[in-house]
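Written out below as structure tokens is the structure these notes cover.
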Amino acid sequence: MHFLEDHKHKTEIDTPCLEYFQIKDTSLCDSSMSVSSALFEAHIYDNCLPWLLNGISQVELLVLSGDTMSSVNAVVCDSTLPTFHYLTKLVLYVGEFINWESLPDLLESSPNPKILVFPAKCLLSSLKTIEINNFVGMSGEKYIVEYLLESAEVLEEMIIRGCKFFGRPRTQKKLEAVRNEILDVPR
């Protein structure tokens with residue numbers, strides 16, 4: 001910790017071997033963080049400031065609270081998110097309000113996500129539109145589409161855009177069959 005004029009301080013977090021990080025109070029306004037690629041898991045339960053996101057951008061598993069997601073939205077408005085190259089699992093803290101507006105930005109900043117965990121009850125009671133791009137009709141894709149159609153309480157519109165496989169009539173025929181299956185799902 002460095003003391004600056006007027007009794008203010010600057011906190012620098014330099015942890016090259018840190019594997020697990022949890023923070024519940026991010027009131028450290030003037031701070032910086034340097035973490036190596038050893039960081040595996042990070043939990044943030046308060047406002048999320050740009051210095052903190054930059055410091056944990058090497059993380060593989062990230063847990064965020066509802067307050068954190070709201071502040072991520074503010075970060076997106078003021079600057080750009082770092083790229084989370086190694087992020088494979090994102091968990092949105094269950095039981096709290098989630099600001100869904102920042103989720104697309106967070107996912108776009110994460111080129112390798114494998115698992116997304118979120119409080120389905122919150123989502124399913126407010127989700128009005130679903131848009132799915134590059135749909136190919138795999139069983140996992142069909143399962144999530146059927147689940148959302150059956151469970152989303154106020155869903156008004158679902159837009160599914162398939163991958164473009166030009167010159168492949170067999171693939172187009174398969175997508176048409178999947179489309180018909182989806183249209184038969186009860187609402």
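All residue numbers refer to positions in the sequence shown, counting from 1.
The nearest pair of heavy atoms linking Ile44 to Ile56 is CD1-CD1, 3.4 Å. Of all heavy-atom pairs spanning Val59 and Phe40, the tightest one is CG2-O, 3.3 Å. The two residues Ile182 and Ile160 make their nearest non-hydrogen contact at CD1-CD1, 4.2 Å. The two residues Ser109 and Pro82 come nearest to each other via the heavy atoms CB-O, 3.3 Å.
Glu156 pairs by the side-chain hydrogen bond (donor to acceptor under 3.5 Å, both in side chains) definition with nothing, not counting sequence neighbours. The side chain to side chain contact (heavy atoms under 4.5 Å, CB included) search around Asn180 returns Glu176, Leu183, not counting sequence neighbours. The salt bridge (charged side-chain N to carboxylate O under 4.0 Å, His left out) check on Lys142 picks up Glu181, with sequence neighbours excluded. The side-chain hydrogen bond (donor to acceptor under 3.5 Å, both in side chains) check on Glu150 picks up nothing, with sequence neighbours excluded. A search for side-chain hydrogen bond (donor to acceptor under 3.5 Å, both in side chains) contacts involving Glu131 returns Arg161, not counting sequence neighbours. For Glu19, there are no salt bridge (charged side-chain N to carboxylate O under 4.0 Å, His left out) partners two or more places apart in sequence or in a different chain.
Contact of the Ile130 side chain with the Ile159 side chain is not registered, since no non-hydrogen atoms from C-beta on lie closer than 4.5 Å. Residues Leu53 and Phe84 are in side-chain contact: their nearest non-hydrogen atoms beyond the backbone lie under 4.5 Å apart. Between Tyr45 and Gln22 the shortest side-chain heavy-atom distance falls below 4.5 Å. Counting heavy atoms from C-beta outward, Val91 and Leu64 have side chains that stay 4.5 Å or more apart.
Applying side chain to side chain contact (heavy atoms under 4.5 Å, CB included) to Leu90 and the options Leu62, Val63, Val117 leaves one that passes, Leu62.
Panel note: side chain Ser151, backbone Leu148; no donor-acceptor pair is recorded below 3.5 Å.
Taking CG of Leu87 as the start and CD1 of Ile115 as the end, the distance is 10.5 Å to the nearest 0.5 Å.
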